[in-house]
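Below is one structure, written out as structure tokens; comments come after it.
Position 1 is the first residue of the sequence; numbering continues from there.
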Amino acid sequence: SNPNPVNGASNVPSSAIISWTGSDPDNDPLTYEVRFGSANPPSQVVATQSASSYNPPGDLTYNTTYYWQIVANDSQGGVTPGPVWSFTTEHAPPPTMTLNPIADAYTSSAAPTTNYGTAAVLRVKETSADFYTYLQFDPGSLSCVQVDRATLRLYVTDAAADAGSIHTVAGGWTETGLKWNNQPPISSSPLDTPGAAVLNTWVEFDVTAGVRLGAPVVELHTGKYCDL
């Protein structure tokens with residue numbers, strides 16, 4: 001009785017361990033035969049065990065119905081087959097794709113004619129100047145992909161209470177040509193504003209809406225004291 005997963009359960013993790021409870025009216029000790037598999041009726045996988053759980057070897061197949069049955073045996077020769085239970089495993093997670101920027105640079109209000117496309121870090125802001133960071137990706141990499149979620153991850157090398165906000169902007173700039181006095185203007189509402197930038201951690205920005213719009217360019221700005 002008390003099958004876990006419950007009979008007919010769906011979206012069960014592929015790492016599931018099945019369990020049950022058993023008792024004998026005479027309080028005799030019980031052992032169990034375990035039958036388990038994707039065919040109905042299921043095949044025997046354990047001839048006898050005292051534990052009331054079974055861990056299938058390896059992960060179960062995604063989106064598959066499994067059947068299982070427990071046969072209880074007492075020390076007096078009594079044999080009691082249980083009902084056949086079933087459950088269906090979860091769907092396979094969507095595949096992931098990692099894209100690196102094809103161009104990245106930042107601009108500084110304190111040096112409007114200077115290009116920082118070869119800098120080792122991307123700056124956002126400091127006390128004496130505004131810094132805007134630009135990243136460009138190749139949208140052709142996603143031409144045949146349905147995007148359910150897109151996340152931009154930046155590693156923090158200088159902490160700040162505000163990691164800034166991220167926007168889509170127009171293209172047309174180059175990594176070695178971008179400067180404060182020729183940078184594309186911000187023309188969109190923020191895609192995301194994640195909060196603090198903690199030292200030596202990844203800050204994640206949800207850019208799904210921008211990717212679905214097909215925008216290849218994102219801009220990060222308005223943070224404080226933060227190198228990424």
Side-chain angles (χ1 to χ4, degrees), residues 1-101 137-155 191-192 194-195 198 200-214:
S1 61
N2 299 320
N4 182 30
V6 298
N7 188 34
S10 59
N11 202 35
V12 174
S14 61
S15 58
I17 298 174
I18 63 174
S19 63
W20 61 92
T21 59
S23 61
D24 184 84
D26 301 317
N27 293 320
D28 292 327
L30 295 175
T31 59
Y32 304 101
E33 174 192 349
V34 181
R35 301 172 181 175
F36 181 86
S38 57
N40 188 15
S43 301
Q44 182 190 83
V45 291
V46 177
T48 181
Q49 66 173 49
S50 58
S52 57
S53 64
Y54 171 69
N55 186 4
D59 285 344
L60 302 176
T61 304
Y62 290 118
N63 195 30
T64 300
T65 299
Y66 286 90
Y67 301 89
W68 57 297
Q69 183 182 29
I70 304 301
V71 181
N73 299 268
D74 66 21
S75 59
Q76 305 303 315
V79 178
T80 305
V84 175
W85 295 311
S86 69
F87 63 86
T88 302
T89 52
E90 62 192 342
H91 289 272
T96 60
M97 177 184 295
T98 300
L99 301 180
N100 292 318
F137 297 86
D138 178 12
S141 302
L142 303 174
S143 59
C144 298
V145 177
Q146 175 181 324
V147 177
D148 294 320
R149 181 176 176 83
T151 302
L152 175 67
R153 303 177 76 236
L154 299 173
Y155 193 76
L191 296 174
D192 194 19
V198 180
N200 296 328
T201 66
W202 292 93
V203 174
E204 294 191 347
F205 296 83
D206 184 352
V207 295
T208 308
V211 171
R212 286 177 175 165
L213 288 172

Report summary line: Taken to the nearest 0.5 Å, the spacing of Phe137 CZ from Leu99 CG works out to 7.0 Å
Requested in this report: Looking only at non-hydrogen atoms, find the nearest pair between Tyr66 and Ser38 and report the distance.
Outcome: CD2-N, 3.9 Å
Using a 3.5 Å cut-off and no angle test, enumerate the donor-acceptor pairs between side-chain atoms of residues 69-86 and protein atoms at least two apart in sequence or in another chain.
| from | atom 1 | to | atom 2 | distance (Å) |
| --- | --- | --- | --- | --- |
| Gln69 | OE1 | Arg35 | NH1 | 3.1 |
| Gln69 | NE2 | Gly82 | O | 2.7 |
| Asn73 | ND2 | Val71 | O | 3.3 |
| Asp74 | OD1 | Gln76 | N | 2.9 |
| Asp74 | OD1 | Gly77 | N | 3.1 |
| Asp74 | OD1 | Gly78 | N | 2.7 |

Query raised in the report: So how far is it from Thr61 OG1 to Glu90 CD, rounded to the nearest 0.5 Å?
Result: 11.5 Å
Query raised in the report: Could you state the interatomic distance from OG1 (Thr151) to CH2 (Trp202), rounded to the nearest 0.5 Å?
Result: 12.5 Å
Requested in this report: Mind checking side-chain hydrogen bond (donor to acceptor under 3.5 Å, both in side chains) for Asp206 and listing every partner two or more places apart, or none if nothing turns up?
Outcome: Arg149, Thr208
Requested in this report: Report the C-alpha distance between Ser52 and Ser19 in whole Å, list the side-chain angles of each, state the deciding distance to 0.1 Å, and finish with yes or no for side chain to side chain donor-acceptor pair (under 3.5 Å).
Outcome: CA-CA 6 Å; Ser52 57; Ser19 63; over 6 Å; no
Query raised in the report: Which heavy atom in Phe205 sits nearest to a heavy atom in Asp192, and how many Å separate them?
Result: CA-OD2, 3.4 Å
Report summary line: Residue set satisfying salt bridge (Lys or Arg N to Asp or Glu O under 4.0 Å) with Asp24, at least two apart, ordered chain then number -> none
**Report entry** Residue that, paired with Thr65, satisfies side-chain contact (heavy atoms from CB on, under 4.5 Å) out of Val12, Asn40, Thr88
**Finding:** Thr88
Query raised in the report: Hey, what do you get for OG (Ser50) to OH (Tyr32), rounding to the nearest 0.5 Å?
Result: 9.0 Å
Report task. Take Trp68 and Trp20 through the test side chain to side chain contact (heavy atoms under 4.5 Å, CB included) and record every step on the way to the result. Result -> CA-CA 11 Å; Trp68 57 297; Trp20 61 92; 3.7 Å; yes
Query raised in the report: To the nearest 0.5 Å, how far apart are OG in Ser10 and CG in Asn63?
Result: 10.5 Å
Report summary line: Smallest heavy-atom separation, Ile17 atom then Ser53 atom, equals CG2-CB, 4.4 Å
Report summary line: Heavy atoms of Phe36 and Val45 approach each other most closely as O-CG1, 3.6 Å
Report task. Mind listing the closest non-hydrogen atom pair of Gly22 and Leu30 along with its distance? Result -> C-CD1, 3.8 Å
Report summary line: Between the OH atom in Tyr155 and the CG atom in Asn200, the distance rounded to the nearest 0.5 Å is 4.0 Å
Query raised in the report: If only atom types and distance count, is the side chain of Thr89 paired as donor or acceptor with the main-chain N or O of Ser14 below 3.5 Å?
Result: no
